[in-house]
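Working notes, structure below.
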Amino acid sequence: MFRKILIANRGEIAVRVIRACRDMGIRPVAVYSEADRAARHVRFADEAYRIGGAAAADSYLRIDRVLAAAKRCGAEAIHPGYGFLSENADFAAACQQAGLRFIGPPADAIRSMGVKTQARKIMAAAGVPVVPGTPAAAGDLAQAAQYAERVGYPVMLKAAAGGGGMGMRQVEDDSGLASAWEQARGEALKAFGDDSIYIEKAIVRPRHVEVQILADHHGRVVHLGERECSLQRRRQKVLEETPSPWIEEHPRVRERLCAAAVAAAKAAGYANAGTVEFLLDQRGRFYFLEMNTRLQVEHPVTELVTGTDLVKEQILVAAGRKLQLRQEDIRFRGHAMQCRVYAEDPRAGFLPSPGRIDRLTLPEGPGIRVDCGAEEGWSVPLEYDPLIAKLCAWGQTRTEVIARLQRALSEFRVGGIATTLDLFRQILADRRFQRAEFDTGFLEREFAMRPPDPSGPPAEVRLAAMLAVIRASQAERQTASGPPDRKRSLWNARGRLAAAGFMKSQL
Amino acid sequence: MFRKILIANRGEIAVRVIRACRDMGIRPVAVYSEADRAARHVRFADEAYRIGGAAAADSYLRIDRVLAAAKRCGAEAIHPGYGFLSENADFAAACQQAGLRFIGPPADAIRSMGVKTQARKIMAAAGVPVVPGTPAAAGDLAQAAQYAERVGYPVMLKAAAGGGGMGMRQVEDDSGLASAWEQARGEALKAFGDDSIYIEKAIVRPRHVEVQILADHHGRVVHLGERECSLQRRRQKVLEETPSPWIEEHPRVRERLCAAAVAAAKAAGYANAGTVEFLLDQRGRFYFLEMNTRLQVEHPVTELVTGTDLVKEQILVAAGRKLQLRQEDIRFRGHAMQCRVYAEDPRAGFLPSPGRIDRLTLPEGPGIRVDCGAEEGWSVPLEYDPLIAKLCAWGQTRTEVIARLQRALSEFRVGGIATTLDLFRQILADRRFQRAEFDTGFLEREFAMRPPDPSGPPAEVRLAAMLAVIRASQAERQTASGPPDRKRSLWNARGRLAAAGFMKSQL
Amino acid sequence: MTDHHLLVDGEPENVRLEDGACEFGGETRVASVSDLGRGDYSVLVGGRQHLVHVRRRGLGRFEALVGGELLRIDRIDPRSLDSTPARARSSPARRVKAPMPGKVLAVRVAEGDEVSRNDPLAIVEAMKMQNELRAPEAGQVAQVQVQPGDSVSAGQTLVVIE
Amino acid sequence: MTDHHLLVDGEPENVRLEDGACEFGGETRVASVSDLGRGDYSVLVGGRQHLVHVRRRGLGRFEALVGGELLRIDRIDPRSLDSTPARARSSPARRVKAPMPGKVLAVRVAEGDEVSRNDPLAIVEAMKMQNELRAPEAGQVAQVQVQPGDSVSAGQTLVVIE
């Protein structure tokens, strides 16, 4: 087994991998950009090396510097997390050339699944259903228009090299094609260094379901059930759960879906953890969307219902071990759901809200798991994905999970920046969500943040605020008039106003 | 179902019950003593009522005031937690008389199990094995000495009205009887208002195992497996786990043990959640120790392996519902362990360490559950049990659980007061503990806190400390010489010493 | 017994504190305030729990965050009732501002253009996401204050519509 | 390049800082310090991570908590090398003190008694537990400063043994 692993990532996923390393007795090594010196993943690691400036292109995307840091500290393997270099086949190959184990699939599998047009071909050949679309990337806007006419509007524009919703745009009719084309190419170039865009028929009101796969280098492939990720905004997942409420009522679809995912992994020559994403239409037909050749942001929900540790499995597979899990050993218990807590303001169009976190209280208690990449006093940098924490709950039923998440959200507190916590409070209270009546367009099409009550808070709440302010201003006056001496202040140690008797006994 | 429940307790267990109430859509109401106005359980509740002074006898033990608060707020039921009034049959009866549901067993079951001598009789009659001992409480020291001679040293002195290790003393020979007798009586009187002491044969090097029971008011009794709580100090449990490592290797003993526990619950006319405690000797014989007619501190480990919510089950049973769980539905997955984090100094004889918590960082991540009753900035009061949090881990195997707890302990931080965190770091690293070679005397007899290395920390650690101090003192000088202005200080925003280049690029 | 005069979001209010209770709006209620530190207060009004976070805006001027709502609360010195006037709330602006620091990727309009509500004005990139800024209402573009490639800070005006 | 003179638990040490590196004990290592706030510093020495918590004891006088160890570190001004002397560590006391606030339940010895090591001296109750205080070494009881029923604070001397 490896003794030292370098984690070529940051934020909550770097913390997640560090934890798995500790659980296995492996020494975790972090890398950091100039903007991340004070970040949590640096503090949690045994060692940490600076690999460049704040821009990802100057640090977390620099293959040469990541490899140099790994060599320098004597790491035997590199975990790429998600994003950054995780689906970069050249990086996987470079690791191998440098004598380092890449904790992920073979470079060839990344490459073939990474080019979406090629992935479609492989899947179609393996008998996995694919969305009707163009066989290759469109060369220019004119060709894109041609392709779009051929598959028929509405269509999806997708980055051929992409994943995770970056560089994706749905186009309703030909009038919207030009601006969507430009935006998708811009994002694709930024995110993947490749602006090839291909075109698929848009499935109307689909659900997003995906199957978690584990494969070893000895030919064994197992699935760990599906996840449903239909709650999305700008094609980015917002809330994920397992099992899929729709599939839970259609167990035969699950059988076929999971079998298709295993077939897909085999066709891709896959090893390590991966996810096969599908669109599920209103009639229960599913279509291969893409294969993510890495750990997913939403992997914890699968861990919660199966009792597995996917990062540990990834490391074991990368070390050449045979999978100990057989398909029949994988048991599913209960339900799990994840809320992605972003430093974004849901009341201001989800604009990023970087800044200093001046208060951070995480929820705990039965059924709650938190994976947090942030710390109190730390400033969320502008340069990266603004995911600061993942809040997960497990429960025996979906209803119990929703109740536990609502409870956890009532305890969760982030001060100093805007977050999506309020969004989740409102989603979880929504009847349609509770009945699982949604598709990938639900959030953007039907869900709106409730505006604050224009009449303001009720009288009792106003009174409570006034009482707190009176108390605060009394403390202010004391501070202003001399050195602070809590013990001798008007307020005694137990919070009772000694002089005026304001806090006197209630019974 | 109840709409409002009053929790007649404080600390982590009050928080635990509040969470269960929220998960069920029930409004939780707290009560507090003068010392607890700023406590977490008060802040977490929807409503909170003051019931008296800091001393428990003046607040949390005041039946009249607890009932008055419940009446005042319109609660329909009272959850007693553990300790305080939880095993007070008069309180259970008073609730009923006041038209309030007591979330616990019938008063008669509390009463008969509470008098240890009577409990022994009932169990012996039901065929449950009991420890050889005196049939009744000893009237005075002379009679105690007589009884002790009869059952043969070593003997245990136990509070007849007791539980939880209070008022218990092991006596090796007749020379130690007098002082132990006095101490046990003193503690028993303090804790239970009753100084009756009875005498049992001490089982040599026993393991402590106990079985979680759930029973409804319709005759169904199920067990949720055993817990092992052999790691004790002064008869107080320190670390608990399930399954018992010893019993895991002797499944036939488990069968008989769990059957005996179900028989015990039936013999006691039991309803609600309860625990039947046994001593297990070196040869696998087990003896009824006592029945705890309440929720146990260590209930979370059972929840983690069975996927149940015991507090929820308690509330449902109290509301008259039939248990939905059948014995065959209860599946056990993996292993779980709990560390009781006390405000005690393990390097100073476990002396209580009350005071202000100036820093509190709880661990999180895969497999970790925390139940915390404390908050940063809060002062642990002197008057109550100093348990501030329970750290639990779940894993597929005992080995994985230990690794996860060690990882969680590396993240767990409590500043300002001494805690038992270091004790757990050392226990979990102990080979004998890892091999599960222990009995109830292990901690006190064989385990000693490792003293700090007299040569002090290694040179690199000293250097790190010096570098931090140099940095801190530079900040101090700046603060001293003028108004703080971080942006223009020698240290720039990203922690680099702009002038001297101390922090300059490493690559 | 003490009377406290406050302005809550500009409205004058009066609270009388007395012996573990408070009088407000003609009602007397049992009340208790506990300072939890760092600006947090646990307030019990008739037993009901309110967690209030208080921030100072100036001497005698505060804001209180309670249940997701923000209230501006100023103390009034009864000896100089007009010394702490409530500020008028700012009127809705026609300046389209950068909502966060980032980089301008594209500008979709020029000075003099007529725009409809929701027409795209500019794209600002931050944290990997491209954010399209749209016209808050119909009008004419009076000023364009940035060009593609500019770095902008939060609150910086990008486009002014008349 | 700057030299820093320190006393670490009374021993003089010298650290030279220069351009992202530090020289200490004849070795030069890459080093980086990050202020995490509230007295916490992340220190990387040759890439290895150390979390150090620093508390001020006085001007130029600090204590550093690192890896469970507490170090007292004082800055020395090179212009007045003897201005911040290390304090001698306190010698083991024969005063038996209350280790926490509580109530004296019983006193087991009287002035003049001879005691052996570990003999019970008194019982102090706090937080529901009775704590027996024992003689740290053999000797004669010189003073008994409390009696049953007394409330004692932490550090208060209960018994003096000679």
Side-chain angles (χ1 to χ4, degrees), chain B residues 3-7 10 14-15 18 21-22 27-54 59 65-66 68-75 355-360 372-381 415-416 487 493, chain C residues 2 4 15 17-25 27-59 62-71 73 98 100-103 126-128 151-156:
Chain B
R3 280 157 304 160
K4 201 182 262 193
I5 290 176
L6 182 137
I7 298 117
R10 63 177 300 283
V15 170
I18 287 169
C21 288
R22 296 220 179 280
R27 301 179 70 84
V29 180
V31 291
Y32 62 95
S33 76
E34 191 189 3
D36 271 342
R37 174 62 185 87
R40 190 177 214 201
H41 77 282
V42 174
R43 187 167 81 68
F44 270 34
D46 282 1
E47 298 171 47
Y49 298 92
R50 186 167 180 278
I51 53 166
S59 49
R65 292 187 180 168
V66 169
K71 280 290 172 195
R72 175 175 172 182
C73 71
R356 184 168 179 278
I357 297 175
D358 61 23
R359 186 68 65 95
L360 181 64
C372 184
E375 310 222 300
E376 196 169 283
W378 179 66
S379 291
V380 183
K487 300 257 163 170
Chain C
T2 332
H4 296 268
V15 183
L17 301 184
E18 185 172 13
D19 203 22
C22 66
E23 192 189 319
F24 172 67
E27 249 186 284
T28 301
R29 281 173 269 208
V30 171
S32 158
V33 181
S34 174
D35 183 349
L36 304 178
R38 303 174 71 195
D40 284 347
Y41 295 85
S42 160
V43 183
L44 294 172
V45 180
R48 279 174 303 278
Q49 175 76 243
H50 303 275
L51 181 70
V52 185
H53 183 70
V54 177
R55 279 193 294 253
R56 232 173 135 258
R57 290 155 53 226
L59 192 68
F62 299 87
E63 52 189 27
L65 194 66
V66 54
E69 307 258 9
L70 190 73
L71 295 170
I73 304 181
M100 72 290 172
K103 196 171 138 188
M127 283 176 159
K128 284 172 66 193
S151 286
V152 290
S153 51
Q156 184 176 337

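Here is how names work: the chains are called A, B, and so on, in the same order as the sequence lines, proteins then strands, and each is numbered from 1. These values consider heavy atoms only, across backbone and side chains, with no hydrogens, waters or symmetry-generated copies.
If you measure heavy-atom distances from B:Ala45 to chain C, the contacts under 4.5 Å come from the backbone alone. When heavy atoms are compared at a cutoff of 4.5 Å, B:Val29 does not approach chain C at all.
Heavy-atom contacts from other residues, nucleotides or ligands closer than 6.0 Å to CZ of B:Arg3 number 12 or fewer. Atom CZ of C:Arg29 is surrounded by more than 12 heavy atoms from other residues, nucleotides or ligands within 6.0 Å. Within 6.0 Å of NZ in C:Lys103 there are 12 or fewer heavy atoms belonging to other residues, nucleotides or ligands.
Taking both residues in full, the closest heavy atoms of B:Tyr32 and C:Ser32 are given as OH-OG, 4.2 Å, listed atom of the first, atom of the second, then distance. Annotation for B:Ala48 and C:Gln49: closest pair CB-NE2, 4.5 Å, computed over non-hydrogen atoms.
Checked by atom type, the side-chain pair B:Arg43/C:Ser34 shows no donor-acceptor distance below 3.5 Å.
Here the straight-line distance linking atom CG of C:Asp35 with atom CZ of B:Arg37 works out to 10.5 Å at 0.5 Å rounding.
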